[in-house]
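Since the model is a prediction, treat every value here as computed from it, not as a measurement.
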Amino acid sequence: MKSKLIAIAIAATVLAGTQQAEGCSRILYTGNDSLRIVGRSLDWKTPIPTNIYVYPRGIKKISHSLPGAKEWTSKYGAVYAVGYDGGVTEGMNEKGLVVNGLFCKGTIYVNDSTKNRPPMSLAVFPAWILDQCATTQEAVDLLKRHDFNVSGATFDGGTISALHWGITDATGQSAMVEFDHGTIRIYQGQDIPVLTNDPTFPEINAINNYWIKKGGSHTLPGTVSSPDRFVRAYFFNNNVEKTSDAELGLSIARSLMFNVSVPYTYTVEGEGNVSSTQWRSFANLRDRLYYFDIATNLGVFYIDLNKCDLRSGAPVMKIDTSKSNGYLGDVTSKMVKTKPFDPMF
């Protein structure tokens, strides 16, 4: 059975290789003294302008512009990475809960039973979770209700946002969330270390199990494909030093992400859509620090949620990353007041 599963997963990978190659990688570095850092890369064939927003508690929001949309008021303040100033790619809230959205080909959000449920736009879906949940289990319970119907606007010339999600809280409880023809599949565990793209989470783990048996010290897959990145990230994440020092932990997490990033401007002849890494983020769940590392910037900067005014009634704050090339270190004080972003419903 296991060999058949591996064969199916490899076949799915080959098939995916003939399609557009959109990549992202997510790792969870687990150190000592509750230090946990979630790193992720966003890989895309063209630049995706991504700005950083900090939202306070107490803001009323809506899940879609369509009739019957869900409404909620945020319980927690959060930092969001917002693509095109129109959609939340990922974020971390004040409780140390992180949600990362990564591409996953073959994702189908709806079926006949979901069509009449309240509409939920992908533009705000991660924020909906972060605004209301302090833990991964709370997020899982929210999702299991499945009282919504997910949809999303196309972007970048008609690309469909086929995504799956990694959810991790400050204790390391993790959930990988996928939509299979309208059915939500949730894979839970403690400190789940890696998520990339396709194939599905069970299939890519079957591939990784093969490489675990081979060892890894002398042979690892080296391409930029999703399974190869998964295998490398898993191996190195399990063979680096554990530390309680936040700065050293960040350096380790960054080096892990460099190992699975796609070199900037990298292309393959005959495959014009191979995607290079546009940016990386690192969320320190223990210390509530959110780092952003843009491939074309000179350095890494971060937002300290402990220094942000997250009280109800406080203004929304923003970092315009088009002006951040010289930013380095703590840039919390460089955030400026802004209106909320307009979701691309």
Can you check side-chain contact (heavy atoms from CB on, under 4.5 Å) on Ser151 and His64, steps first, answer last?
CA-CA 9 Å; Ser151 64; His64 212 293; 3.4 Å; yes

For Trp211, all residues meeting ring-ring contact (aromatic ring centres under 6.0 Å, His included), sequence neighbours excluded:
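Partners of Trp211 by the ring-ring contact (aromatic ring centres under 6.0 Å, His included) criterion come out as none, since no residue qualifies.
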
Using the test ring-ring contact (aromatic ring centres under 6.0 Å, His included), find all partners of Phe292 that sit at least two apart in sequence or belong to another chain.
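Partners of Phe292 under the ring-ring contact (aromatic ring centres under 6.0 Å, His included) test: Trp279.
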
State which residues pass side chain to side chain contact (heavy atoms under 4.5 Å, CB included) with Cys133; sequence neighbours excluded, sorted by chain then number.
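So Cys133 forms a side chain to side chain contact (heavy atoms under 4.5 Å, CB included) with Leu97, Ile129, Glu138, Ala139, Leu142.
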
For Lys60, enumerate each residue passing the side chain to side chain contact (heavy atoms under 4.5 Å, CB included) test, keeping only those at least two apart in sequence or located in another chain.
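With sequence neighbours excluded, Lys60 shows a side chain to side chain contact (heavy atoms under 4.5 Å, CB included) to Thr73, given in chain and number order.
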
[Y] versus [X], side-chain donor and acceptor atoms under 3.5 Å:
X	Y	result
Tyr234	Asn205	no
Thr196	Arg229	no
Asp198	Ser226	no

Taking C-beta and beyond as the side chain, do Ser41 and Arg280 meet within less than 4.5 Å on heavy atoms?
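With C-beta onward as the side chain, the pair touches.
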
Going by the rule salt bridge (charged side-chain N to carboxylate O under 4.0 Å, His left out), which residues pair with Lys318 if we only count those two or more places apart in sequence or in a different chain?
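Listed in chain order: Asp85.
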
With Lys144, which residues qualify under salt bridge (charged side-chain N to carboxylate O under 4.0 Å, His left out), at least two apart?
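Checked Lys144 against salt bridge (charged side-chain N to carboxylate O under 4.0 Å, His left out); zero matches.
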
Electrostatic pair Arg26-Glu90, nearest N-O below 4.0 angstrom
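Between Glu90 and Arg26 there is no salt bridge, as every charged N stays at least 4.0 Å from the carboxylate O atoms.
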
Among all residues two or more places apart in sequence or in another chain, which pass the side-chain hydrogen bond (donor to acceptor under 3.5 Å, both in side chains) test with Thr200?
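For Thr200, the residues satisfying side-chain hydrogen bond (donor to acceptor under 3.5 Å, both in side chains) (neighbours in sequence not counted) are Glu203.
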
Filter on salt bridge (charged side-chain N to carboxylate O under 4.0 Å, His left out), then keep only pairs touching residues 66-75, sequence neighbours left out; what's left?
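Found Lys70-Asp147.
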
Considering all heavy atoms of both residues, which atom of Lys61 and which atom of Asp131 are nearest to each other, and what is their separation?
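Looking at all heavy atoms of both residues, the shortest contact is NZ-OD2, 2.8 Å.
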
Minimum heavy-atom separation for Phe103 to Ser161, with atom names?
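Residues Phe103 and Ser161, closest heavy atoms: CE2-CA, 4.2 Å.
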
Taking [X] for its side chain and [Y] for its backbone only, find out whether a donor-acceptor pair lies under 3.5 Å.
X	Y	result
Arg36	Thr171	yes
Thr332	Asp330	no
Glu178	Phe201	yes
Arg232	Asn259	yes

Run the side-chain donor-acceptor check on residues 214-224: report pairs under 3.5 Å with partners two or more places apart or on a different chain.
residue	atom	partner	partner atom	Å
Thr223	OG1	Ser225	N	3.1
Thr223	OG1	Ser225	OG	3.1
Thr223	OG1	Asp228	OD2	2.6

Aromatic ring centroids of Phe179 and Tyr109 under 6.0 Å?
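Ring-ring flag for Phe179/Tyr109: true, centres closer than 6.0 Å.
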
Please check if Tyr187 and Leu195 belong to a single hydrophobic cluster, counting links between Ile, Leu, Val, Met, Phe, Trp and Tyr side chain heavy atoms closer than 4.5 Å.
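In one cluster: yes.
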
Please tabulate, for side-chain N and O atoms in residues 338-345, each donor-acceptor pair with protein atoms closer than 3.5 Å (sequence neighbours left out).
residue	atom	partner	partner atom	Å
Lys339	NZ	Asp342	OD2	3.2

Pair listing, side chain to side chain donor-acceptor pair (under 3.5 Å) test, anchored in residues 237-250, at least two apart:
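Those involving residues 237-250 are Asp33-Ser244.
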
Worked check of side-chain contact (heavy atoms from CB on, under 4.5 Å) between Asp43 and Ser261:
CA-CA 8 Å; Asp43 305 347; Ser261 294; 5.6 Å; no

Would you say Tyr291 has more than 12 foreign heavy atoms packed within less than 6.0 Å of its OH?
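More than 12 within 6.0 Å, yes.
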
Full working for side-chain contact (heavy atoms from CB on, under 4.5 Å) between Met92 and Leu130:
CA-CA 7 Å; Met92 176 176 67; Leu130 291 167; 5.7 Å; no

Which donor-acceptor pairs under 3.5 Å do the side chains of residues 296-306 make with protein atoms, sequence neighbours left out?
residue	atom	partner	partner atom	Å
Asn297	ND2	Ser324	O	3.1
Asn297	ND2	Ser324	OG	3.0
Asp304	OD1	Asn306	N	2.9
Asp304	OD1	Asn306	ND2	2.8
Asn306	ND2	Asp287	O	2.8

